[in-house]
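Positions are given from 1, in the same order as the sequence printed here. Quick note: numbers below take in every heavy atom, side chains included, and nothing from hydrogens, waters or symmetry partners.
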Amino acid sequence: MADHKVTVEQLDNGKWACFLHLPGVDAPVNLGKEFKSEERAETWLDVSEAMTAIDVMVRKYAQPDKV
């Protein structure tokens, strides 16, 4: 399932978050962190914590019977 996309979007509270878009999943998946600025959110995507969060969610949604 390598055809996923990650976006950075502003939340209703004014903070920014990263969302994982997966084929076959209706709503984007929030990766669980909020940031004060768009730049900080984008920078977070380059750290291993973000890669781990993405990998976990890709695996979770690839096996919907185990959710």
Side-chain angles (χ1 to χ4, degrees):
M1 188 179 261
D3 50 348
H4 60 271
K5 177 175 90 169
V6 178
T7 59
V8 175
E9 301 173 23
Q10 192 167 24
L11 303 172
D12 291 337
N13 65 7
K15 293 186 179 182
W16 295 82
C18 301
F19 291 88
L20 179 64
H21 301 263
L22 296 166
V25 178
D26 293 334
V29 180
N30 187 327
L31 293 175
K33 302 246 334 169
E34 294 183 2
F35 302 90
K36 292 181 181 179
S37 70
E38 182 178 15
E39 294 78 22
R40 286 185 182 205
E42 289 173 354
T43 300
W44 181 73
L45 289 173
D46 293 330
V47 301
S48 62
E49 180 184 7
M51 298 302 131
T52 300
I54 291 168
D55 290 343
V56 166
M57 291 302 175
V58 167
R59 276 184 269 140
K60 177 180 177 179
Y61 285 93
Q63 301 174 354
D65 58 326
K66 296 187 179 187
V67 176

Between C18 and A41 the two heavy atoms that sit nearest each other are SG-O, 3.6 Å
d(L20 CG, K5 NZ) to nearest 0.5 Å is 11.0 Å
d(T52 OG1, L31 CG) to nearest 0.5 Å is 11.0 Å
Single-linkage hydrophobic cluster, 4.5 Å side-chain cutoff, V56 and V6 together
no
Correct closest heavy-atom pair for V29 and Y61 would be CG2-CE1, 3.7 Å
side-chain contact (heavy atoms from CB on, under 4.5 Å) filter on Q10, not counting sequence neighbours, yields W16
Sorted by chain and number, sequence neighbours left out, side-chain hydrogen bond (donor to acceptor under 3.5 Å, both in side chains) with E42 holds for none
Salt bridge (Lys or Arg N to Asp or Glu O under 4.0 Å) pairs touching residues 13-33, sequence neighbours excluded, are K33-E49
The side-chain contact (heavy atoms from CB on, under 4.5 Å) partners of S37 (sequence neighbours excluded) come to E39, R40
Same apolar cluster (I L V M F W Y, side chains within < 4.5 Å links), I54/M57
yes
N13 meets the side-chain hydrogen bond (donor to acceptor under 3.5 Å, both in side chains) criterion, sequence neighbours left out, with E34
*Applying the 4.5 Å side-chain criterion to the ILVMFWY set and letting contacts propagate, would V58 and L45 be lumped into a single cluster?*
yes
Sorted by chain and residue number, the side-chain hydrogen bond (donor to acceptor under 3.5 Å, both in side chains) partners of T43 (sequence neighbours excluded) come out as none
